[in-house]
Amino acid sequence: MRREADSLTLFAQNGAAPGRGRRLLSSLRRLYAVPSAAFGATIVIVFLALAIIGPLIAPYEANQQEFQDARQAPSKAHWFGTDHLGRDVFSRVLLGASEVLWLSGAGTLLAVLCGTGIGLTSGYLGGWVDELVMRLFDSLLALPALLLALLMLGAIGTSVTSVLFVILVVYTPIVARVVRSAVLSIKTRGFVEVARLQGESLGWILFREILPLVLPTLAVETALRFSYSIFLVASLGFLGVGVQPPSPNWGLMVKEARQSVSLTPWALYYPVAAISLLVISVNLMADGLKRVLQSPVE
Amino acid sequence: MFCNHPLNKLPEHLPTLNIEGLTVAYRQNGRWLEAVRDVSLHIQPGEIYGLVGESGSGKTTLALAVLRYLGQYGMILQGKIELNGKNLLDLQPAEMRKIWGREMAYLPQNSQSALNPTLRVGDQIAEILHYQLDMGMKRAQRRAVDHLREVNIADPERVASSYPHQLSGGMQQRALIAMALCSNPTLLILDEPTTNLDVTTQAAILELLVELISQRQTAALYITHNLAVVAQMCQRVGVMYAGVMLEEAAAASLFAKPLHPYTHGMLSSLPRLGEGKASARLQSIGGQSPPPGQLTSGCVFQPRCPLAIEVCSENPALSSPSAGRHIRCHRWEAILKGEISLPTAPGMESPGRMEASDKEVALSLEGVAVRYPLRRTPLDILRREPGRSVRAVDELDLVIASGQTFGLVGESGSGKTSLARAILGVADRTEGKMELLGAPLPAQLSSRKRETLRRVQIVFQNSEEALNPYLTVEEILLRPLVTLLGLSRQEARDRVPELLRAVRLPAAYAVRLPTQLSGGEKQRVAIGRAFAARPDLLVCDEPVSALDVSVQASILNLLCDLQVENRSSLLFISHDLAVVGYLADVIGVIYLGQLVEIANADDLFKPPFHPYTEALLTAVPTLETQSRQKGIILSGEIPSPTEKPGGCPFHTRCPRLVGEICKTQAPPWQRREGSSKRYRCHIPWMELQAAQGKLANGEIQAG
Amino acid sequence: MYRYLLRRMGFLLLTILLTSIIIFAITQWLPGDVCRIILGREAGKKALEACRRDLGLEASVPVQFLRWLGDFLSGDWGQSYSTRTEIFPLVMQRLINSLRLAALTLLIAVPLAVGLGVAAGLNAGRLLDNLISISTLSVVGLPEFVTGILLIQIFAFELRRRGLPSLPANSSIRPEAGFMEALPMLILPAMTATLVLLAYIARITRAGVVEEMKQAYVRTADLKGLPRRVVVLKHVLRNALLPTITVIAISFGWLISGLVVIENVFNYPGLGRLLVFAIDRRDLPLMQAVALVTVLGFSLANLAADSLYALLNPRIRYTRG
């Protein structure tokens, strides 16, 4: 927070009123001052770009099988080689990026929205509703994340929608608890009390007085949840209970490629490399965000 | 460069600590900023040297530099630090470890966090003896108990085997003193050792320190922002500002005749005990302290100095008007000769005072109690035991007249903040009758009408907490206009410049965020917001206690002025008797949730006093260096509200205990014709007055 | 302190009860008729009704739940739909296997992680810290199947290819194998699980140490002139490592999730693989049993950690309530 204060003072000295956009920009600039975070953020942006233009530039269809080309080592025609069914690994990894980013991105967003809403209201209002919600969330959290996900998928069946739903249910309680604990410390602060004394509405207090102070924490939490969502989507794919074949899910690709690893090791290595790179990058970015947004200046 | 230094004339004894030309820098955002510049001082054995300064003056940095404990972001750029003749700057870090705790000890500020929470207090003392003096652990533990006894702890065995969280603040501070002195160091560095303590505890701790230091002939460097404490404790004083030592003198002469305009300004901005706003307006120093390390050319105080002339843009040399006295000012000679006089009070006239009408009552409380329910365990619910609760405020009656300032004084835990919260409607559970301007005041905020909300507003102690860091000053100021006065956004926005002018802030501040304001400016915004909807009652909860002295005065003046302009009543809550005495028309003293004494401000400082008031009055340090008399040192600490004593709540600590009656019967209100004072005690008026008369003629009026 | 522990225990029981309701609710959700799944599509109406009566599906949902919980508590866990065998011995056998793997992992991971975290924290900002921090940060989010496969490629295949002594890539031991027999097969899965925990615990330990180093009482201890070693051991680590107990307890959740994947990577006959198997077959009672056993284990581990924390922390030990 202090860091932020410093940069804001800088703006004032330049004679400009700090707007929301500037604040965001300065956060980004400070994020890029941390080398590991800059690396992470850049890779994440590259992945996002690839996810968007992937379908346009992929040389082959995800499930286009060319049996005569099966099990080919990487070459000019197939950069990452082909798998046991003759599918182009490069195209599948590329299309897998948009699949995993879309799924985990949307899931994270949903969970963050729900969690923030619940955490804000429950934390601010307190009382028995809060108690009840938190007990329920505690119980959900007593189930390890993957176990809960597996149970739910076992019950509602495996599909893209159910994976989204699973991410929502698994991560909403976590986000809500993080937001709630931030709200608990903010709501006792003087300005919230003054707002109540001035007869401000519940909406104003929640969204204008409290929410802005939760945002830094929330940004870090969102980045973390995003990373875990990627993790979860890939793991479920690998276990064969998430997205079903023939989808180009990275976890699923790894699962399939393991059968013939001695013949087509590239079909295993490239998706593994893609997952590792993406997850590490998101983590580096999240860590950078945490350092920029939450730690005081040293 | 140091040879012409006046300090280089060595005093007769070798000083324990000798600092010469010390310059210390901190690294921030990749730049080295000088936090202490060219400071010299020396301390003799048995001497207590006071280093006074406001926040950011560099006094703590200086202490840490002497300890060579600056951390990786601090560096000593220049100078010499000699302890008993050897230069500490020549030593390796490992060698410093042999000096710490043995030759040089440190007494930190916040006792709660300065003690390790997971080690027993006795063991924390014993480990010094064990590692520093090679004592066996068993023996060290036994010695630790002795050391605790030396700091006047009644049951040292129990304290030694306690963990810090089991002890009160005063007890923790005593344990830290025992820790600092157990190896008989030659130099003791005290960093605001009583700042977070109540006055009565502070008085006891200060007395103990004076006694121990003179007994052992320790040299002591006492760092504080509190001028009065320095006046009581120290033989010599150095005044620091923006990293520079501006003035140094024997305490007596410094407080009798300050030469530097800054010292003078600070002294005259302090409200004196027993002096009200009717007698004189507080003088305040304009502007604010520069941020640490800011590069200035010339005298550091020049931007705020009322006497600044052209030459002041050059750096003043250190001059010595008399032996042992040093000053850094271009104009000291003129000041000394009386050729120029320091302005005693700009805008001379005392701040406006409203004639409180006797008839109109702003706020009346009858039998108000504030309870905090204790958590019921499932077992309690099973046994159908009723929920227990703590009474923070107990059956309290209070009347504040329209336009009056009611000052409420009490130590921490006295229930003063709970009372404020009850009036504001944000306390947990409030019982009793509250009336505002003759109409009932609902206990819960949610059942108050908008008009009622408008009538009661608040200014908090901590301006950091009171302003949302994400809203601009304009937004903060216009909200009450919109929500409480029902103005449209545009109308409200049009009135913001007017509000800013009222709290003496430039109109350009409207676009700023709270993080871009200094502490005093934030408090001005908070005050502006509180007055924006013209409340009938303003509750001020310690509004100046987090501010520097030089800023405090201007905020107090502002409060007075705005109160008169808005014809509001003020409930002013503070632990500081001098501040309350300055501002209030009527003062109430609160102890364990009950008022023990009420009087007009003029009458409060005349005997008889309730024994608790008496203890408070004698405990408050004053600027009179020679007046240090044995005050009434209260035994023990304020009891927890969960274990409130029966009868008179004060009987457990009362120095004038009558007997059994105090423990069993609630005392009656004592009053006299011709005096506004009434107090709650079993001792009748004349008897108490006779016993306390001497005190009144001595200390209190002198202060 | 006893009241503290009692309260924790009360909360724990409540949580387990609620969790069991959640597990029951989720599995009740299962679309389609349970009996149809058991008996197959061709089953006649009569057979279906008989099956429903047998399973008690006629009763109201709360009654079903209570009956289910009661059966579970009395050790009558019913029959698996898919294997047609008693569930209790099956789950217990797999539980023991999973616990073996978990125990070995904790044995390696906890000392190593705490050591790394402390080393990084004490050297905060220096090269060692940056090395540890960046490498743990990189490993922390990698899915177990990625690390597991990489380890297999290196320690099993690559070593074998070069003719060096290698570790088995497949850990599909007999489910009833003894510990010594299983040990070589446990090494790679345990290493994989260690990597996950290592990063997580080390990072939080480091944060705790860094936080502790800033405390005022560390300065007090330094300025008492105590040897650096004493300051670090007695004042910094003692306080910094207390919260680590809680962190380790929380990381059990990670470990359990991780083990589900790892057991599938290595074909190790533990609870995790049993769960995936049950889900594949839509084997309702088996799913419920595995989930409940896991929750019980997780909760007990948490309670143990809480108790240990309370025992070591005087602020709780010497507080009533």
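Residue numbers begin at 1 in each chain, while the letters A, B, ... track the order of the sequences. All heavy atoms count here, side chains included; hydrogens, waters and symmetry mates do not.
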Contacting region of B/Leu453 [heavy-atom separation from chain A under 4.5 Å]: both
Residues 110-120 of chain A side chain polar contacts: donor-acceptor under 3.5 Å, at least two apart:
from, atom 1, to, atom 2, distance (Å)
A/Thr116, OG1, A/Val112, O, 2.5

I'd like to verify something: which residue of B/Gln72, B/Arg454, B/Gln457, B/Arg450 has the highest number of heavy-atom pairs under 4.5 Å with chain A? B/Gln457
Can you measure from CG (B/Asn468) to CD1 (A/Ile205) and round to the nearest 0.5 angstrom? 11.0 Å
Cut-off 4.5 Å, heavy atoms of chain A, and the answer for B/Glu475 is side chain
Atom of B/Tyr470, atom of A/Pro216 and distance for their closest heavy-atom approach: OH-CG, 3.9 Å
What do you reckon, is CZ of B/Arg534 surrounded by more than 12 foreign heavy atoms closer than 6.0 Å? no
Contact list (residues 33-48 of chain A to chain B, heavy-atom gap under 4.5 Å, by number) returns none
Is the closest side-chain heavy-atom distance between B/Arg479 and A/Val194 below 4.5 Å? no
Closest non-hydrogen atoms of A/Leu197 and B/Leu484, given as atom of the first, atom of the second and distance, are O-CD2, 4.4 Å
Suppose the criterion is ring-ring contact (aromatic ring centres under 6.0 Å, His included): which pairs have a residue in residues 182-223 of chain A, not counting sequence neighbours? none
Main-chain N/O of A/Gln198 paired with B/Thr483 side-chain donor or acceptor, under 3.5 Å: yes
Under 4.5 Å, heavy atom to heavy atom: which of residues 419-426 of chain B reach chain A? Give them by number, or say none. B/Arg421, B/Leu424, B/Val426
